[in-house]
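Below: one structure, written as structure tokens.
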Amino acid sequence: MKWSDGESYIEIDTPLAFNFAQCLVFLGRSEQENLHRINDGYLYKLLKFDEEFVLCKIGCKPNSIHIDFPLTSPSKDTREKIAVYLWEWFDLHRNLSPFYEMAQKDTILQPLAQKYDGLRMIGMPDLFEALVWAVIGQQINLTFAYTLKRRFVEHFGERQTFERETYWLFPTYEKIAAISVDTLRQLQFTARKSEYIIGIAKLMAGGELTKESLLQKEDYLHTKRTLMAIRGIGAWTADYVMMKSLHCPTAFPIADVGLHNALKIQLGQERKPTIEEITQIATHWKGWQAYATFYLWRSLYD
DNA sequence: CACCAGGGACTAC
DNA sequence: GTAGTCCATGGT
């Protein structure tokens, strides 16, 4: 990763096939999102490292991402962590050339790759955030899922205010490990989801589940099995988290309803494709299932 | 009012 | 292993 440190700002070199505006479209998909704000072409995100809050104002230049710090100037050590966070958030380490070459020969992906050229996998560097968001999203419509996430963040997350706007941090697993099922039930989480989320928080608080250990697993299936052994994490959630937080390119939530709807639309069919049909279609996507899924999700927001 | 929603656990066979 | 059932609640 290449980045330059200007002390009061940082700049991260962007790879080929990167389009900041495309990424902002995806990040702006919900009005209820409270973990970042988009205003006038800039992306605002609150982060915290070692008790140090940092508000980032993120914009783009021709070949780089430029980050200013409107609230306080972070230390050098923190500036490096911010660069790493952004690197992960926008999946900047990945060379997309093979994906676009593959997409060029795929009738479904070809128009999407052209239309959303430069869109990167928008990740979730925080493993706990990815897990909770996935559990929240199980079997409910996205609008309600965002409502639940907003309540969750605003009840248990820390905040900073800048120019009359409030910026939120996702709650920590330490905090959630200590709450009761009843507390989440009051926010209209189901009892089951409350148990899953608190259970996951306790595993992480106890050091039994870490992003580092998951990343150390040998292969896709081993990692997926490890995740699926946790109560509340099935095949869909495991793939979702591997895709968004572990940057696994072969993660493929094949049972995803959004994926089914996107394929139905792209294929111009009256019905959604079956799992067997999707398996067949996806044989072309080998090695890039996560990106294929992500671009299909993106197509739902036009 | 019916059906759906970015599923998963649990049970029975 | 897999098919059936329940979970629970808002959106459309």
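The structure presented is a predicted model; accordingly, all values stated were derived computationally and were not measured. So you know, we letter chains A, B, ... as the sequences are listed, proteins then strands, and number each from 1.
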By nearest heavy atom, map A:W297 and A:R231 onto DNA chain B; which one lands nearer the 5' end? A:W297

Within the 4.0 Å heavy-atom criterion, would you say A:R29 contacts the bases, only the backbone, or no part of the nucleic acid? base

A:A134 near the nucleic acid: base, sugar-phosphate alone, or nothing, with a heavy-atom cut-off under 4.0 Å? nothing

Counting the benzene-type ring for Trp, do A:F53 and A:Y167 have ring centres under 6.0 Å apart? no

Ring-ring centroid check A:F294 A:F26, cutoff 6.0 Å: yes

Base, sugar-phosphate or nothing for A:F252? Non-hydrogen atoms, less than 4.0 Å. nothing

Using a 4.0 Å heavy-atom cut-off, does A:L300 contact any base of the nucleic acid, only the sugar-phosphate backbone, or nothing at all? nothing

Select base, sugar-phosphate, or nothing to describe what A:T237 touches, counting heavy atoms under 4.0 Å on all strands. sugar-phosphate

Measure the distance from CD1 on A:I254 to P on B:dG7 and round it to the nearest whole Å. 14 Å

Are A:F170 and A:F152 an aromatic pair by the rule of ring centers under 6.0 Å? yes

May I have the distance from A:Q139 (atom CD) to B:dG7 (atom C1'), rounded to whole angstrom? 6 Å

For A:D182 and C:dA8, give me the distance from atom CG to atom P, rounded to whole Å. 13 Å

On DNA chain B, does the nearest nucleotide to A:A238 precede the nearest nucleotide to A:N261 from the 5' side, or the other way round? Give the residue. A:N261

Just checking A:A145: base, sugar-phosphate only, or nothing, at a heavy-atom cut-off of under 4.0 Å? nothing

Does A:I230 reach a base, just sugar-phosphate, or nothing at all? Heavy atoms under 4.0 Å. sugar-phosphate

Scan A:K272 against the nucleic acid and name what it touches under 4.0 Å (heavy atoms): base, sugar-phosphate only, or nothing. sugar-phosphate

Under 3.5 Å, is there a donor-acceptor pair between the A:S73 and A:E7 side chains? no

Length of the CD1-P vector between A:I233 and B:dG8, whole Å: 9 Å

With a cut-off of less than 4.0 Å, is there a side-chain N or O of A:R185 near OP1 or OP2 of C:dT9? yes

Ring centres under 6.0 Å, that's the criterion: do A:Y9 and A:H66 meet it? yes

